[in-house]
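What you see is a predicted model; the values in this text were computed from it and never measured. Values below: all heavy atoms of this structure, side chains included; hydrogens, waters and symmetry mates excluded. Residue indices begin at 1 and follow the sequence shown.
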Amino acid sequence: MDIIVDNYFGKFLKDQQIQAGKTDANFEKFINYICLATKNITNFNLVSACVGSGNDAGIDGIAIAINNRYIIDINEITELIERGMELNVEFFFVQAKTSEAFECKEISTFADGVLDLFRQENEAKKLMNDKVKAKYCMIRKLIDNYEFIKDIKCTLFYITPGKYVEDDNINSTKQRIFESLRNLEIFKEENIFIEIRDKSFIRKQYESTKVQNCATFELGQKIEIPYMKDVDEAYFAIMPVKEYLKIILDEAGRIRSGIFELNVRDFAGIEDNRVNQDIVTTIKSSDKSYFGLLNNGITIVGKTLSKMQGKYTIKNFYVVNGCQTTNVLSENLSDISEDMWISVKFVITQNDEIIKSIVKATNNQTEVEEIQLLSMNEYQQELESFFATYTSYTKLYYERREGQFRGVPEALPVKIINPELQMRCFASIFLQKPHIASRFAGKLQDDNKQIFLANDNPIMYYTAALLNYHVELAFLNGEIEQSYYKFRYHIQLLISRIIWKDEKQPQRNSKKMTDYCEKLIVEIENEEKFSVLLEQTKQCIDKVVSNKNDTEITKSISIINNLLMYIHIGWTEKELKAVNYFLSIIEDYLIPFKNMSIDGDLRYNFNKNLTYLERITSDNCLVFKLLGENFFNDIRVKIHEDDRNSRKICSSEIRNKYNNVCSQLKKKAEEAKRYISKNKEE
């Protein structure tokens, strides 16, 4: 392997805290990361993108993005469709080889696996493991709802650390793959990309993961704004639209990742938005030269702006006003002419308070929901400060704005948590709502009134983030199987309940909350104890969830209650029903022994009644366990059936033992009611 690629591979493993060294499986993670993390996809999740293992259909990585957002599971797709949203879909498939050769047979095997993912359920396909099957279900969901899709693209990456030299065989293979994908009649020709790449690509992609947002452009017609305290530079500029696009588009013609992080409104689409329709109409009209007069303009804030050889370079920047305009322009590139211009305001400052004021001021024309200003509110700043100064345990980094820790070597990617992820893990353990945490971000935003309260003790958020960090790291290092990944937020809830047990959660703004959280922190920071906790949660899920492949299972409140019931009392719902049935009938079987315990009544056949009792008891393993496996054998050894005193003593022993067992069962069954009643409320 190329020495630089090998070096980058090692750095990646260190950055991601991945153990086991430079294995083939970890190389697959490395290649998945460099191919996908550099795309304009928010909330990319490496663990769920890696699908390589046995029966992986020849594919190592699969990522699905909708509207530039990484989609983890089918529930997110369902919610997007239910909301009637216009969908821009991108599929990414990755195959990584540690061998430096480019084998046509291997490339074809990879492509055949990709094609299988678009085949009907009744068609013959390669064997698929659970992770690939889950992606297949997501793809089918999208294809079955094709009418919601505005645009759909497909990219295949075949990567080796060798040196790629084109030849007729490889070109022929690529052409066959291209035609096969085109013949699916799902993608337009211009939306099919087959990337066969080598070590130079690996180097470039890895280096791109370390780069801050950076753009170089010409700035001709500008007015310098007079001096203002804490503002390094500020300009009003008139720019050709094509020059403005150099700022917001990357080399591949995609909108740069994270540049709208401070823009309070997401792109609203075109079909259902009159304003954006009007922008398109102007761009496509003969009067497009008036575009700049009809548009309110763009506001860009950045940390640095430098000039060299007549060109400006801006770094670590955000478009805080102009998301709609920018997205519409990027979707209509072929209609943009040289005579189109736009007004742009540049503000360069290190002061976050000034940036916050600009964001609010430039977006006060229409009502904006509080969640859209989330990264700017004071509590978010308090959390960022708390994470920065709380060094008693593992150091984590709270990223209010996407990309703010780029270029900070100690801020490893796995240690960075953004507001959305924070909401998910907080909802899981402090609100006990992992079923919401697993779903689309919009559902979290709907419930956001219970999260980020102004007086909350910030250690709650660190605690939730730390538990999420340890769980994600466990999946990344293979300590827990991928089949459990859809339950990652349930696992976090279960671990918290194992540690906190029935301890009442303190007031959220109290000092007691600090002790409460540190009790959890200390346990999960201990590697051995955390491994035991993981194993307990796995056993719990295995016992409670009969079908882990059910795509709807994580939505269920009853599953949460059943998991909590198992953690609390050690019973599944099925076992509870069996216990209740046992309790309802056991008295009838104990009547003979009740009577015999008085005077050894000879009218009853002792052994026959004992056999009946044993039979009804053996049907319930919980009862049998409480009695002890030798209980009935011991009674049979002791009993002298013709001796009244023996019958009396043995019957009393049976009665006392069963009374004790039934008392324990009734107590647990009573405790279980709180979980079952919640299931009925669902």
Side-chain angles (χ1 to χ4, degrees), residues 497-498 501-502 536 539-547 556 558-682:
R497 295 330 303 173
I498 291 170
K501 297 183 172 63
D502 272 344
Q536 285 179 270
Q539 291 174 3
C540 177
I541 292 169
D542 288 341
K543 288 286 289 185
V544 172
V545 182
S546 58
N547 180 12
S556 170
S558 64
I559 283 295
I560 298 170
N561 293 325
N562 291 342
L563 288 168
L564 291 174
M565 182 172 72
Y566 188 82
I567 286 294
H568 181 61
I569 65 174
W571 291 356
T572 65
E573 187 175 22
K574 183 179 179 181
E575 287 169 334
L576 175 62
K577 289 178 179 178
V579 165
N580 284 331
Y581 174 73
F582 174 81
L583 290 173
S584 71
I585 65 171
I586 189 59
E587 282 302 320
D588 291 340
Y589 289 87
L590 289 175
I591 288 174
F593 299 101
K594 179 180 179 182
N595 293 331
M596 284 188 283
S597 67
I598 299 171
D599 60 1
D601 194 331
L602 292 171
R603 290 175 301 168
Y604 295 95
N605 185 321
F606 187 96
N607 281 316
K608 186 176 182 181
N609 281 288
L610 185 66
T611 300
Y612 290 154
L613 184 62
E614 182 179 22
R615 189 178 300 157
I616 194 65
T617 302
S618 63
D619 289 340
N620 193 306
C621 59
L622 292 174
V623 179
F624 215 71
K625 184 177 180 181
L626 288 172
L627 284 171
E629 61 181 41
N630 294 320
F631 176 74
F632 288 98
N633 288 336
D634 290 344
I635 293 293
R636 288 191 173 95
V637 170
K638 293 177 185 178
I639 187 66
H640 298 287
E641 191 158 0
D642 296 331
D643 186 327
R644 277 182 175 270
N645 193 50
S646 176
R647 290 162 65 90
K648 178 181 176 180
I649 292 171
C650 289
S651 294
S652 295
E653 184 177 345
I654 291 170
R655 278 196 65 202
N656 292 335
K657 187 69 172 179
Y658 269 83
N659 285 341
N660 181 46
V661 167
C662 289
S663 177
Q664 293 181 59
L665 295 176
K666 286 175 182 177
K667 183 180 178 181
K668 281 195 172 186
E670 190 64 29
E671 292 174 2
K673 283 183 179 179
R674 61 172 166 161
Y675 301 105
I676 299 305
S677 62
K678 289 178 182 178
N679 288 349
K680 290 178 180 177
E681 289 171 10
E682 183 187 10

Practice prompt. Please report the shortest heavy-atom distance between R603 and R647, naming the atom on each side.
Written response: N-NH2, 4.4 Å
Discussion item. R636: which residues meet the salt bridge (charged side-chain N to carboxylate O under 4.0 Å, His left out) condition with it, sequence neighbours left out?
Written reply: E614
Item to complete: Return yes when atom NZ of K668 has more than 12 non-hydrogen atoms of other residues, nucleotides or ligands closer than 6.0 Å, and no otherwise.
Response: yes
Worksheet item: So Y612 and N605, side-chain contact (heavy atoms from CB on, under 4.5 Å) or not? Walk me through it.
Response: CA-CA 11 Å; Y612 290 154; N605 185 321; over 6 Å; no
Practice prompt. Taking the side chain as every heavy atom from C-beta outward, state whether L602 and D642 have any pair of such atoms under 4.5 Å apart.
Written response: no
Worksheet, complete the sentence: Contacts satisfying salt bridge (charged side-chain N to carboxylate O under 4.0 Å, His left out) that involve residues 558-569 (not counting sequence neighbours) are none
Worksheet item: Got a sec, which residues hit side-chain contact (heavy atoms from CB on, under 4.5 Å) with K667, two or more places apart in sequence or on another chain?
Response: E671
Fill in: Residue pair L576, I569: steps toward the side-chain contact (heavy atoms from CB on, under 4.5 Å) verdict
CA-CA 10 Å; L576 175 62; I569 65 174; 5.5 Å; no
Worksheet item: With sequence neighbours left out, which residue pairs that include part of residues 621-652 fulfil the ring-ring contact (aromatic ring centres under 6.0 Å, His included) condition?
Response: none
Practice prompt. Starting at CD1 of I676, measure out to CG of N561 and round the result to the nearest 0.5 Å.
Written response: 8.0 Å
Practice prompt. Give, for atom CD1 of I498 and atom CD of Q536, the distance between the pair rounded to the nearest 0.5 Å.
Written response: 4.5 Å
Worksheet entry | Selection residues 615-628 - residue pairs positive for side-chain hydrogen bond (donor to acceptor under 3.5 Å, both in side chains), sequence neighbours left out | T617-Y658
Item to complete: Please test M565 against V544 for side-chain contact (heavy atoms from CB on, under 4.5 Å), starting from the C-alpha separation and ending with a verdict.
Response: CA-CA 10 Å; M565 182 172 72; V544 172; over 6 Å; no
Worksheet item: If you round to the nearest 0.5 Å, how far is CD of E641 from SG of C650?
Response: 10.5 Å
Practice prompt. Please round to the nearest 0.5 Å and tell me the distance separating atom CG of N562 and atom SG of C540.
Written response: 9.5 Å
Fill in: Exam field: side chain S663 to backbone N659, donor-acceptor pair closer than 3.5 Å
no
Worksheet entry | From L665 atom CG to N660 atom CG, the distance as rounded to the nearest 0.5 Å | 9.5 Å
Practice prompt. Would you indicate whether the side-chain heavy atoms of L610 and I639 approach each other to under 4.5 Å?
Written response: no
Worksheet entry | Spacing of R497 atom CZ and I567 atom CD1 [to the nearest 0.5 Å] | 10.5 Å
Taking distance alone, no hydrogens or angles, what donor-acceptor pairs closer than 3.5 Å link side-chain atoms of residues 587-599 to residues at least two apart or in another chain?
unit_1, atom_1, unit_2, atom_2, d
N595, ND2, Y604, OH, 2.7
S597, OG, F593, O, 3.4
S597, OG, K594, O, 2.6
D599, OD1, D601, N, 3.1

